[in-house]
Each structure stands twice: as C-alpha cells, then as structure tokens.
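When reading the values below, keep in mind they use all heavy atoms of this one structure, side chains included, and skip hydrogens, waters and symmetry mates. It should be emphasised that the depicted structure is a prediction, and the values quoted were computed from it without experimental measurement.
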Amino acid sequence: MDTLASYDELPYDSLPLPETQPDFLAAVAKLHGFDAPDPAQARILELGCASGGNLIPLAWRWPGSDCVGVELSRVQAEAGADFIRRLGLSNIRIVHGDLAALPADLGKFDYIIAHGVFSWVPPAIQRALLDVCRHHLAPYGVAYISFNVTAGWARLMPLRTALIERTAADLAAPERFAEARRVLAELEAEWPDPVLLKEIAYLKSAAPSYLFHEYLAEFNMPTRFAEFAAQLDDHGLRYVGEAGSRHAVVELEDAWGLIPESMAGRWLDAEAALDEAHAVRFRRALIARADAPCAQPPQADALRQLAFHADLRSDDEIDLETTGEQVFVNPAGGAYPVAHPAMKAAAMILSAAYPAALAYPELLASTKHAMTDYDAGDFDEAAFRNALFPLVMAHGVTPSVDTMPSATDPVDRPRAHALARLQATSPGWTVSGTRHVALELDGPGRILLSLLDGNRTLDELVVVLRNVLADAGYEQTPETVLAMTHRMVWLFARQGLLTEPPRSPGPQ
C-alpha cells in the first residue's frame, strides 16, 4: 500500500502521548518486576507515528536516543520529516512505509510504540505488528500497544453500525464526517440508551479525526484481553502490565511465595475479569519477548525504586491532621481524592517541584519533614506507600525513572527552547511540555511563546504582543496584556519550556 487516503484527507491530531514516553514505560515495567532499558540511551521505534507529534519531543528530550518513526500516510510522514529538518535534529527519522513491509536492517529497539494501530487494521496487519515486536525488540525491550476492548465497546458498536449505514462510503473523509455529524443529531433524537447518548454528546465536540477513524473507518475491531494475550503467546511475546490509568488492580490471593511464572495464568485471567467488571473500553498494554523475564502484578514495594512527579492543585485548605478526603485536580481536569494526611503533604511537595520528579527517598524525607513541622504525629512509611500506590496507578502521581532538573524560572529576557518555538509557529502542531503533555494554547499564547527568543525584556514583550493583537483586531489595555504575559510566561516556565539564559563570557 502506497499511502492511506483517509489519513491523508483527515489526519489524526499528532500529539504527545504521556503514557508512551519511555521513562514512564520503564517505571510501569519496574512496578511489575521488569527492568527495562535506560530511556536516555534507548533506540525507540514508533509505528503509525503520524507527523511525529509524539516521537519528536522524545528525540529532543533525549539527544542520546535513536528514534525511528514509520507512517503509512504520505502527507503526515512528509510533514514530520520537514519539521525534523527545520528543527535540526539528527537522532530521529520518520519514514513513509508499511509496518508489514519494514526494512530488514532496522535492528533491535529498546522501546516500540504502537498507539492507535492494533484495533484499526485488518487481522493480517495485527499479526504483522506483533511480528515486528517479536523480531525488533531487544532482549529486555518493551513495546506499548493500545487497543479497543470488547467489554467496553459492546454497548457502543450499534452507534458505529448506524453511522456507517447512514453515511456514504464513497465520500471523501471530510464530507463523510460532515454527514456523520448530521446523523448524530438524528440518533440523539431517536435513541433512549443513556450510554449511547453520552457517547453521542462526546462525539459532537470531539476532533473530526477521532469521530471518523473510530466510527467510520473500515476497521475498528475491539478485542478481549484473553484473545490479545493468546495472540501474544502465538507470536513469542508476553504481557508485562497496563500503562493506562487504573482505579482497580489485580491482587492475587494465596500468591505469597509464588514465582511470576507460577502466577502468570491466574494473573491474566484476573485481568480479563477486571475488564468485564469495569466495562473497560481501551487498553495500553506493555509487552516483552517471551524469553525475557516474566513480569507480575504491580507491587507497592516497587515504589521505592522509582521517582515521581505530579502537577496537582487543591482549592481547599490542606488538612494534614485528619483523614478527611480532599480532592486534588490536574490541568486536564482529572480529580484524585486523597485522605491519607502524609499523602496530602506529598501531593503539595510534588506539585511544588514539578516538572522535576523526586526519587522515592527524597519524597519520603520531604514528606516526613513536612509532617514533623506540622506536628502531625507518627509517620508510618508502609501506610504512606500504600496511599501513594493507588494514586500512581490512577496517574494522579506519575512514576518515572528520570528525575529531570527543575524548571528554569522566568528571567528578564525569557527564552523558550527551539522545539517549543517551532511548535508554536507551525500551524497544526501542538506545543508539548517537558513532561510530554499537550499544552492547549490560544492564538495569543502561541504568539507570545514564539517571541521568547531571549532578545526581549518582559516589558518589550508586552508592547510587541499588544501590537500583534491589535493588528489581529484584538484591542487590549496595557494592563491586560501585562497580566496575560506574566501569567503565560510562568506557565511556560512550569512546563519546562524556558532555557537558562546564555552566560556572559568570563574575563580573558
């Protein structure tokens, strides 16, 4: 196949996907008793990489890595290659090609990423994807494969069927999407099912590419976890763990003393049962070669080996004296209730350090110190670890093997790094924070970010930004633009987009 027409016509948004970043995948693997390679020096392969919105920031972050992206859409592959040329990166390449016909000389990879591929291709390509993982994974490498799950999709398939039947298959992707929006309005008036009505409400505001490729594309084949595990076994692969957020995890009874190989079957059965109990609709599976060490269900004790970061806030006054539940919220709106007093203190400590991660011993020491200062009584480390564990599994607190330096505070002449400025000035590209999160910036925010080249003071930036906004038809008072500038520059700093100012030459 030369290209993928529907993805040329209606490309998927090319975004940073936090749950695919190798330092996070390595941490998830470690929670499951599996030691993955060092991300900073890793070879990373992304299959179906679109224009590189996920892979390019990883190559930028780890100059010692070697990154390869493969994309079947010629339009997106060429857009990614052009962006890399403009950025001047030498440790990444994006090639236009079919994952079922990869060059034999690609070599081995420490991390393979396949997000949004498995469920959306025919069975032959699914098998080819697993073959790529088996033949191109390094001995201790891990692969990330996302897929739709039957348990959650069973209730939604009537909606996909209706959209396919009521729209013309021969229309170009943008026109068929427009037809689907009309059909959604019809179905909303016809159907009483609250599950389907909730999905329709979401689709009416979702990105056009999501609605088209999830509900109108030729393939969307949800899979039962047990079937997926069986396919892994057929291809010489095995399950390592789940990289998606989880509010329930497998705990095997009477498993004390069992080696991972002895509990593998029971673990996989329990994972399948969790899908059914919670109507799971999407999985992000972490897998390895079958001849690699066997993983196990996640263990709270493994937290001691990791580092953690979190971007959280709470609108309530933090209560460190009682176990009253308080809600912490991340920038995406995810809410995480916390009751354990020491965990509340840890959440504040992590948020103050963000985007840097704190290694477990440092987080433990800082939390103990905060609780002592507050005279909050005895500190129970095991109870603290057991309170941290569900937050980590739910992704309220993100585990990592990479601590990363603290963010640079704004200075009089703030300078954003080259990747952020190029993303800000490239239409259709999303700006990515240093922790691989997508930043939703409006037009003025992108303009301001593009101006941060270290040559203007904050006062000069205010003048330039006000003039740019005026030329675009947005008249703002100096005070409004000043407040906007300071707020946005601090956001850029917190997301790790600012670099240290260049040092003046010393005395000769």
Under 3.5 Å, is there a donor-acceptor pair between the side chain of [X] and the main chain of [Y]?
X    : Y    : result
Q299 : P297 : yes
Y111 : P37  : yes
S314 : F328 : no
S351 : R313 : no
E276 : A273 : no
D23  : S400 : no
D66  : R43  : no
K108 : P139 : no
H309 : L350 : no
R289 : L137 : yes

Exercise. Can you say whether the rings of F308 and Y360 are parallel (under 30°), tilted (30 to 60°) or perpendicular (over 60°)?
Worked result: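 F308 and Y360: perpendicular rings.
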Does the side chain of [Y] come within less than 4.5 Å of [X]'s, by heavy atoms?
X    : Y    : answer
R246 : P298 : no
S432 : L419 : yes
I92  : L58  : no
L89  : F83  : no
Q126 : F219 : no
W120 : I125 : no
H417 : L497 : yes
F384 : M371 : no

Check [X] against [Y] and note the closest heavy-atom contact, atom names and distance.
X    : Y    : answer
G97  : V70  : O-CG1, 3.6 Å
A27  : V401 : N-CG1, 3.9 Å
P22  : W62  : CD-CZ3, 3.5 Å
L232 : R238 : CD1-C, 4.1 Å

Tell me if the [atom1] atom of [X] is crowded by more than 12 foreign heavy atoms within 6.0 Å.
X    : atom1 : value
R134 : CZ    : yes
Y140 : OH    : no
H486 : NE2   : yes
K198 : NZ    : no

Approximate separation, where rounding is to 0.5 Å, of [X] [atom1] and [Y] [atom2]:
X    : Y    : atom1 : atom2 : result
L274 : F225 : CG    : CZ    : 10.0 Å
R127 : Q231 : CZ    : CD    : 8.5 Å
D380 : H340 : CG    : NE2   : 6.5 Å
L102 : H136 : CG    : NE2   : 5.5 Å
R284 : F147 : CZ    : CZ    : 11.5 Å
N220 : M157 : CG    : CE    : 5.5 Å

Exercise. Please walk me through it: do R435 and D311 pass salt bridge (charged side-chain N to carboxylate O under 4.0 Å, His left out)?
Worked result: CA-CA 10 Å; R435 281 297 177 187; D311 188 4; over 6 Å; no
Exercise. Does the side chain of D110 pick up a donor-acceptor pair with the side chain of Q41 at under 3.5 Å?
Worked result: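 Absent: no donor and acceptor within the cut-off.
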Exercise. Do the side-chain N and O atoms of R224 and T150 include a donor-acceptor pair separated by under 3.5 angstrom?
Worked result: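 R224 vs T150: no donor-acceptor pair found between side chains.
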Problem set entry | Output field: ring centroids W153/Y215 closer than 6.0 Å |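 Yes, they do, as the ring centres are separated by less than 6.0 Å.
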For this session: For this output row, return yes or no: ring centroids of F24 and H395 closer than 6.0 angstrom.
Result: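 Centroid distance F24-H395: below 6.0 Å, so yes.
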Exercise. Taking it one step at a time, do D35 and K30 satisfy salt bridge (charged side-chain N to carboxylate O under 4.0 Å, His left out)?
Worked result: CA-CA 6 Å; D35 289 322; K30 197 169 285 289; 2.7 Å; yes
Problem set entry | Test applied, side chain to side chain contact (heavy atoms under 4.5 Å, CB included); reference residue, L45; option that passes from L55, I113, V68 |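 With L45 as partner, L55, I113, V68 yield a single side chain to side chain contact (heavy atoms under 4.5 Å, CB included), made by V68.
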